[in-house]
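See below for the structure under consideration.
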Amino acid sequence: MKRVALLGATGSIGRQAIEIVNAHPELELCALQSGSSPLDALAHEHDVAHVQVGGDPEPLLERSQPDVVLNAIVGFAGVRATLWTLERGITLALANKESLVAAGELAIAARDHGGGTLVPVDSEHSALRQCLEGRDPETVTGVVLTASGGPFRGRTRAELAGVTTDEALAHPTWAMGPKITIDSATLANKGLEVIEAHWLFGLAYEQIEVIVHPTSIVHALVRFRDGALLAHLGVPDMRVPISYALTYPERAATNVPVLRLEDLRLDFERVDDEAFPMLELAREAGRRGGTAPCAYNAANEVAVAGFLAGRLGFLDIPATVEATLERVSGAPARDLDDLVAADAKARELAARGLQPA
Ligand code: NAD
Ligand code: MG
């Protein structure tokens with residue numbers, strides 16, 4: 001039996017993870033956590049002894065003795081669970097990309113110290129891990145992440161000024177939680193994913209390309225030095241990378257629909273960086289290093305919350321992130337306390353920048 005601690009159990013990834021655990025007799029839920037939603041019914045239904053709503057997940061993880069932690073919390077709030085799991089050498093199935101973006105250096109140090117396995121749940125990174133597994137790094141020249149382009153693909157910057165929250169929440173290919181859905185509409189999600197790929201695979205930013213692929217069938221590609229590319233294809237269904245991460249290395253069966261190749265159109269187009277500056281801003285923050293990616297993430301979280309609450313326009317999101325990045329020092333974090341301070345500082349700057357003039 002594999003004991004699974006599920007953090008963010010009530011969310012989009014959390015609910016799909018429960019479906020995967022139910023389908024596999026060798027997986028057992030040992031702990032459930034959520035931000036604020038009650039968990040009693042879920043805990044009763046799945047006979048889970050260790051449950052926690054809100055607060056620090058560390059005591060829950062200590063008590064429940066998991067073999068694998070699925071971190072499906074949204075935002076920087078997931079950072080403690082990521083570091084705790086990696087430090088102990090416990091397998092981390094990581095959906096919470098924000099923690100790796102904000103705490104990249106600390107997380108990789110924790111993984112190397114703990115000696116455990118970090119399996120990404122993000123579909124593009126799960127795809128890359130599968131294409132890269134067993135390859136000599138010397139033969140790999142770069143990777144390509146695909147982006148659906150979100151609901152506003154093809155629009156100019158001027159056409160984005162007045163878009164509504166409802167329009168931004170209508171994602172064309174994936175059904176996800178509200179924060180990542182807005183991130184997909186601004187392309188901040190792809191920005192976070194570029195930084196995530198940098199840390200997961202030890203690649204330089206120049207080696208990580210992004211291409212728009214509207215149907216989300218090709219999840220990612222690896223370029224090799226002989227000119228060959230390996231691509232990972234599949235229906236856009238998060239149960240596949242969740243199942244891969246929870247049953248790694250066994251690759252258990254799932255009941256997702258068979259991909260019908262005769263129905264496929266594989267179209268690719270360039271990203272419009274003028275309309276969607278969040279991708280370039282992420283690359284800049286990534287290259288700057290230190291706590292610049294943490295500030296990028298923090299300012300984005302503040303701005304997205306403002307947009308979802310109707311206080312901000314769509315274009316205020318990149319404006320807030322850009323202004324925040326200009327004002328933070330980006331000095332490296334020696335430990336989690338430093339990182340939490342850098343996150344708080346960036347949030348404060350972002351929130352101040354959002355005050356009506
Ligand atoms: P969601 O909003 O649907 O769910 C978030 C979960 O986190 C909920 O259970 C909520 O209770 C919990 N939570 C919120 N704030 C918290 C806090 N402060 N402390 C502890 N728990 C808290 O989000 P989601 O779409 O499931 O996404 C979860 C993570 O997975 C995000 O990092 C997202 O980027 C990533 N991800 C999601 C998808 C997807 O298809 N949904 C795909 C790739 C990656
Ligand atoms: Mg993704």
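No hydrogens, no waters, no symmetry mates; every other heavy atom, side chains included, goes into these values. In listed order, ligands and their atoms are each counted from 1. Predicted, not measured: the structure shown is a model, and the values here were computed from it.
G11 CA, 3.1 Å is the protein heavy atom nearest to atom 4 (O) of ligand 1. Given atom 26 (O) of ligand 1, the protein heavy atom at minimum distance is I13 N, 2.9 Å. Protein heavy atom nearest atom 8 (C) of ligand 1, with residue, atom name and distance: T10 OG1, 3.5 Å. Looking from atom 32 (O) of ligand 1 to the surrounding protein, the closest heavy atom is E98 OE1, 2.6 Å. Closest protein heavy atom to atom 34 (O) of ligand 1: K97 CE, 3.3 Å.
The closest heavy-atom contact to atom 18 (N) of ligand 1, among the options S99, A77, A72, comes from A77. Evaluated by nearest non-hydrogen atom to atom 31 (C) of ligand 1, the leading choice among V121, I180, I73 is I73.
Each protein N/O/S atom under 2.8 Å from the Mg ion (ligand 2) was counted, for a total of 3.
Under 4.0 angstrom from ligand 1, the non-hydrogen atoms of M176 come from both its backbone and its side chain.
Interatomic distance, I18 CD1 to E45 CD, rounded to the nearest 0.5 Å: 8.0 Å.
Checked by distance only, ligand 1 and G35 come closer than 3.5 Å through their nitrogen or oxygen atoms.
Scanning for salt bridge (Lys or Arg N to Asp or Glu O under 4.0 Å) contacts around R347 gives E301, D343, with sequence neighbours left out.
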Under 3.5 Å, which donor-acceptor pairs link side chains of residues 79-91 to any protein atom two or more places apart or in another chain?
{"residue": "T82", "atom": "OG1", "partner": "N71", "partner atom": "ND2", "Å": "3.0"}
{"residue": "T82", "atom": "OG1", "partner": "G78", "partner atom": "O", "Å": "3.4"}
{"residue": "T82", "atom": "OG1", "partner": "S99", "partner atom": "OG", "Å": "2.8"}
{"residue": "W84", "atom": "NE1", "partner": "E62", "partner atom": "OE2", "Å": "3.2"}
{"residue": "T85", "atom": "OG1", "partner": "A81", "partner atom": "O", "Å": "2.7"}
{"residue": "R88", "atom": "NH1", "partner": "W84", "partner atom": "O", "Å": "3.0"}

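Contact check on R283 versus E280 returns a salt bridge, with a Lys/Arg side-chain nitrogen under 4.0 Å from an Asp/Glu carboxylate oxygen.
Other cluster members for L221: V144, I211, I217, V218, L229, L233, V235, V240, V256, L259, L261, L264, L266, F268, joined by side-chain heavy-atom distances under 4.5 Å among Ile, Leu, Val, Met, Phe, Trp and Tyr.
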